[in-house]
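Below you'll find the structure, written out as structure tokens, and then a few comments.
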Amino acid sequence: MINKPLVLTYLYLLIYVLLSSGVILYNKWVLSPKYFNFPFPITLTMFHMAFSGLFAFFLIRVFKVVAPVKMTFEIYATCVVPISAFFASSLWFGNTAYLHISVAFIQMLKALMPVATFSMGVLCGTDKPRCDVFLNMVLVSVGVVISSYGEIHFNIVGTVYQVTGIFAEALRLVLTQVLLQKKGLTLNPITSLYYIAPCSFVFLFVPWCLLEKPGMAVSQIQFNFWIFFSNALCALALNLSTFLVIGRTGAVTIRVAGVLKDWILIALSTVIFPESTITGLNIIGYAIALCGVVMYNYIKVKDGRASQLPSDGIPERFTKDRDWKLDKKSSAIINPNSNSDSNEGNFNGSEMNDEEAPLVSSRLSHFGRSFSNHTK
């Protein structure tokens, strides 16, 4: 007999992988001078933010499908504004990198996401320095350096943009945990879009006026409404699909899906964009970095399970019963009508930056910090 919940879970995972890969490839195609030739990443990101913000506004204020949260001016000024600033920065720098380096190399650089997240966590006091994690970070960094050395079309400008975007995203994730969670504020994907997207749009407006507006005034821009509409719709759909995946899978399943997505994306990018040449040194370096990422994810999953173990004073029968429940909660089959345990943290790590998953629930921030790929 077919297990319908399990089939639905893997269907959601397939949709997430396809949308995540598709949005990245779509952005590259739109921005690249060799294809659609719209070399204005800030403009594209602002269009995404405007589209997402309007979508959330209509759902909350017009159709009243989603209830707004109690947002005070203090919380907005001290929490939403700084988070939006770093969110806008990560999207700006990440999308600009598409103009200079290949999609395959960008995915390899995104292996640095755990390094950035851990570093920012230590600096902000949300993580403690650990020898085992530090060794994994060294392994990841060495792998990325080897991969960069093997890159035929290495571009220092694109690399700096991408790495800067990664650290901006890491800092956003840490700030989400430090600021929003301490305030006790929980946002679902729609309310996140409602509050953060407009603020990010405003932050992007200043660099747009200085960097892109003058160029757009003198260049011949081919504006195709359906191209930009479908591009923004895909980014929005990815954000919502991410939330569905979190609600039906465990941390390990999502990590495996993220790694699988990266390899698929690297392979697809070489087919769709012939200039994206991959060398043997690229593969060796990325494989080394990936080993470090996998080990880091294993440590985080192990720590998460250890923190949920009952104390020694609890009767053995209750311990076994609770262990069984934990295993059940971490499985891929979760009752869609129940409140998922994965809503305890914010899924937005290395697998989900740039335009892959513009915004996700701030209730998922701890999980996102653990998951980090690189990962809009």
Quick check: do [X] and [Y] have side-chain heavy atoms less than 4.5 Å from each other?
{"X": "Leu25", "Y": "Ser269", "value": "yes"}
{"X": "Met49", "Y": "Phe203", "value": "no"}
{"X": "Ile24", "Y": "Tyr98", "value": "yes"}
{"X": "Leu179", "Y": "Thr78", "value": "no"}
{"X": "Phe87", "Y": "Cys199", "value": "no"}
{"X": "Val65", "Y": "Ile60", "value": "no"}
{"X": "Leu193", "Y": "Leu236", "value": "yes"}
{"X": "Phe154", "Y": "Phe105", "value": "yes"}

Plane angle bin for [Y] and [X] - parallel if under 30°, tilted between 30 and 60°, otherwise perpendicular:
{"X": "Phe228", "Y": "Phe223", "value": "parallel"}
{"X": "Tyr161", "Y": "Phe93", "value": "tilted"}
{"X": "Phe229", "Y": "Phe225", "value": "parallel"}

Could you tell me which residues satisfy ring-ring contact (aromatic ring centres under 6.0 Å, His included) with [X], sequence neighbours excluded, listed by chain and number?
{"X": "Phe118", "answer": "none"}
{"X": "Phe86", "answer": "none"}
{"X": "Phe167", "answer": "none"}
{"X": "Phe273", "answer": "Tyr35"}

Sequence neighbours left out, what pairs pass salt bridge (charged side-chain N to carboxylate O under 4.0 Å, His left out) with at least one residue falling in residues 21-48?
none

Selection residues 74-103 - residue pairs positive for salt bridge (charged side-chain N to carboxylate O under 4.0 Å, His left out), sequence neighbours left out
Glu74-Lys183

How about OH on Tyr298, more than 12 heavy atoms from neighbouring residues, nucleotides or ligands closer than 6.0 Å, or not?
no

Above 12 or not: heavy atoms from other molecules or residues under 6.0 Å from CZ of Phe47?
yes

Could you report the tightest heavy-atom contact between [X] and [Y], atom names first, then the distance?
{"X": "Pro68", "Y": "Thr191", "value": "CA-CG2, 4.5 Å"}
{"X": "Met71", "Y": "Val80", "value": "CE-CG2, 3.8 Å"}
{"X": "Ala88", "Y": "Leu204", "value": "O-CD2, 3.7 Å"}
{"X": "Ser276", "Y": "Thr270", "value": "O-CG2, 3.2 Å"}
{"X": "Pro82", "Y": "Leu175", "value": "O-CD1, 4.4 Å"}

Which Ile, Leu, Val, Met, Phe, Trp or Tyr residues join Leu281 in one cluster when any pair of side-chain heavy atoms under 4.5 Å counts as a link?
Phe134, Val138, Leu139, Val142, Ile146, Tyr149, Ile284, Ile288, Met295

Starting from Ile152, walk the hydrophobic network (Ile, Leu, Val, Met, Phe, Trp, Tyr; side-chain heavy atoms closer than 4.5 Å) and list everyone else you reach, by chain and number.
none

Run the side chain to side chain contact (heavy atoms under 4.5 Å, CB included) test on Ile264 and Val17 for me, step by step, so that the C-alpha distance in whole Å, both residues' side-chain angles and the decisive distance to 0.1 Å come before the verdict.
CA-CA 9 Å; Ile264 292 175; Val17 171; 4.2 Å; yes

How long is the gap from [atom1] on [X] to [atom2] on [Y], to the nearest 0.5 Å?
{"X": "Gln107", "Y": "Ser102", "atom1": "CD", "atom2": "OG", "answer": "9.5 Å"}
{"X": "Cys209", "Y": "Ile42", "atom1": "SG", "atom2": "CD1", "answer": "9.5 Å"}
{"X": "Asn136", "Y": "Cys291", "atom1": "CG", "atom2": "SG", "answer": "10.0 Å"}
{"X": "Lys261", "Y": "Leu14", "atom1": "NZ", "atom2": "CG", "answer": "14.0 Å"}
{"X": "Ile190", "Y": "Phe57", "atom1": "CD1", "atom2": "CZ", "answer": "14.0 Å"}
{"X": "Leu210", "Y": "Glu212", "atom1": "CG", "atom2": "CD", "answer": "11.0 Å"}

Check for me, please, whether Leu54 and Phe205 land in the same ILVMFWY cluster - side-chain distances under 4.5 Å, paths through other members count.
no

Does the side chain of Trp92 pick up a donor-acceptor pair with the side chain of Thr45 at under 3.5 Å?
no

Is it true that the side chains of Tyr26 and Ser230 contain a donor and an acceptor less than 3.5 Å apart?
yes

Sequence neighbours excluded, which residues qualify as side-chain hydrogen bond (donor to acceptor under 3.5 Å, both in side chains) partners of [X]?
{"X": "Asp303", "answer": "Arg130"}
{"X": "Thr279", "answer": "Asn282"}
{"X": "Tyr12", "answer": "none"}
{"X": "Trp29", "answer": "none"}

Output yes when a side-chain donor or acceptor of Tyr195 lies under 3.5 Å from a complementary backbone atom of Val69, and no otherwise.
yes

Can you check side chain to side chain contact (heavy atoms under 4.5 Å, CB included) on Met137 and Thr117, steps first, answer last?
CA-CA 10 Å; Met137 300 301 98; Thr117 308; over 6 Å; no

Can you check ring pair (Phe, Tyr, Trp, His ring centres under 6.0 Å) on Trp263 and Tyr286, steps first, answer last?
CA-CA 10 Å; Trp263 284 108; Tyr286 184 62; 5.0 Å; yes

Salt bridge (charged side-chain N to carboxylate O under 4.0 Å, His left out) between Asp127 and Lys300, intermediate numbers included
CA-CA 12 Å; Asp127 266 326; Lys300 287 298 183 179; 3.7 Å; yes

Run His153 and Ile101 through side chain to side chain contact (heavy atoms under 4.5 Å, CB included) and show every step you take.
CA-CA 7 Å; His153 305 292; Ile101 54 181; over 6 Å; no

